[in-house]
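The structure under discussion appears below in the form of structure tokens.
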Protein chains: 2
Amino acid sequence: MIRIKFQQSLDELKERLLVMAGMVEQAIQRASEAYSTRDENLCDLVRQSEPAINRMELEIDQLALDLLAMEQPMAIDLRFILAVIHINVDLERMGDQAASIAARVLDLRKMANVDLPVDIPRLALLAAAMVRKALQAFIEGDAEMAQSVLLLDDQVDEMNREAFHALGNLIKNKPEQAPQALSALIIARNLERIGDHATNIAEDVIFWVRGADVRHHTLSDVHP
Amino acid sequence: MIRIKFQQSLDELKERLLVMAGMVEQAIQRASEAYSTRDENLCDLVRQSEPAINRMELEIDQLALDLLAMEQPMAIDLRFILAVIHINVDLERMGDQAASIAARVLDLRKMANVDLPVDIPRLALLAAAMVRKALQAFIEGDAEMAQSVLLLDDQVDEMNREAFHALGNLIKNKPEQAPQALSALIIARNLERIGDHATNIAEDVIFWVRGADVRHHTLSDVHP
């Protein structure tokens with residue numbers, strides 16, 4: 001009887017985390033669209049979603065604590081709860097990154113529109129795909145899928161390195177465009193950090209499912 | 001008898017986290033000194049400490065899991081363990097930031113030395129003070145002290161905003177110094193993020209001690 005109640009609470013915890021994930025995904029998607037369209041309303045929507053995401057983080061932590069207090073969970077349940085606690089933090093910080101992007105877009109709206117040598121929408125698409133895949137892996141408890149997220153991260157990092165060089169050169173050659181270039185640079189880094197958080201989530205999924213900790217290991221350590 | 005063993009394990013968990021904190025504090029301090037002296041060996045030391053910090057993170061998580069499996073902890077012990085799990089993540093990410101600073105200093109070594117309008121050593125001192133104070137609050141279970149960290153964070157953010165403007169202007173006026181200015185800009189942001197992590201730790205201490213969650217609240221919410 002107690003066991004059934006415990007299982008229901010685990011399901012509720014998972015469901016709650018997925019609601020939070022949905023809010024964060026929407027914020028990322030809107031922030032990216034706001035960059036493309038320079039839409040002020042979208043920026044406001046992203047910034048307004050932050051308090052709700054923050055509240056959700058606290059609720060999920062409380063739920064996890066309640067679960068831990070309920071009975072002595074089995075090892076795999078403990079790993080699941082630890083994974084949720086970690087993922088919860090990563091999701092909340094992704095929300096912060098999305099809000100930071102929105103704030104930069106509001107800055108950009110005040111500047112002249114110039115051609116920047118960085119494909120922010122593509123970078124955002126990649127980062128969003130990482131988030132989607134990491135969450136899908138979490139939903140299905142699929143460690144293989146989680147590992148594919150780690151490969152996408154290399155692409156995001158590479159794109160970011162290129163953007164950094166290209167924007168640095170632009171600043172040198174056209175210093176009058178420095179404000180725009182700096183804003184784009186920071187948005188690119190925001191997106192890179194969203195990718196990093198997705199990677200963290202993927203690693204937490206692998207830890208939960210396999211019981212093996214892959215954090216801080218390269219892919220070749222996992223699949224020799 | 002079991003209770004005594006549990007208490008010992010809690011103490012061990014705390015001790016382990018403080019060892020990790022010491023490694024991270026050293027990395028931050030060395031990264032800052034490396035910036036001032038452009039010392040290559042210091043940069044290498046910081047970068048080499050990262051794997052050890054990462055291993056420590058995994059050990060601490062495992063210890064926390066073992067504790068949660070041991071018996072049904074009381075509410076305050078649960079909050080303590082949750083705080084440790086959170087602080088553990090923040091410490092590890094601070095280590096990443098220190099390593100990132102060291103990498104930037106290695107870049108700077110290849111560039112001409114120029115006068116930059118940002119006092120990185122002072123910013124580093126402030127960030128390190130936040131970390132020290134947050135950890136002291138953790139050691140002593142002192143929520144008042146933890147709250148003082150939140151005030152320091154405003155100073156760090158303000159210094160960073162100033163640095164951002166000053167470096168942006170430098171880039172516009174002396175584009176040939178853009179590479180140095182961009183590196184300093186990123187180091188300033190690395191330090192700001194270290195301050196953010198210290199803030200997170202302080203909030204976790206308050207949550208553990210008071211049972212009240214102050215994350216995402218302003219100081220005036222806590223002390224009306």
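Letters go in sequence order (proteins before strands), and every chain restarts at 1.
B:L167 does not touch chain A: none of its heavy atoms, backbone or side chain, sits under 4.5 Å away. Interface remark: B:D90 contributes side-chain atoms only to the contact with chain A (heavy atom separation under 4.5 Å). Only the backbone of A:M70 comes within less than 4.5 Å of a heavy atom in chain B; its side chain stays farther off. Using a 4.5 Å cut-off between heavy atoms, A:I186 contacts chain B through its side chain alone, with no backbone atom that close.
Interface summary for chain A: among B:D77, B:N173, B:I171, the most heavy-atom pairs under 4.5 angstrom belong to B:I171. For the set A:A75, A:G168, A:A69, the entry with the most heavy-atom pairs within less than 4.5 Å of chain B is A:A69.
Cation-pi contact between A:R38 and A:Y35: present, with separation from the ring centre below 6.0 Å and deviation from the ring axis of at most 45°. Under the 6.0 Å distance and 45° angle rule, B:K14 does not count as a cation-pi partner of B:F80.
Of the charged side-chain nitrogens involved, none lies within less than 4.0 Å of a carboxylate oxygen, so that B:D196 and B:R193 do not count as a salt-bridged pair. Of the charged side-chain nitrogens involved, none lies within less than 4.0 Å of a carboxylate oxygen, so that A:E59 and A:R55 do not count as a salt-bridged pair.
Taking each heavy atom of A:D61 and B:H86 in turn, the nearest pair found is OD2-CE1, 3.0 Å.
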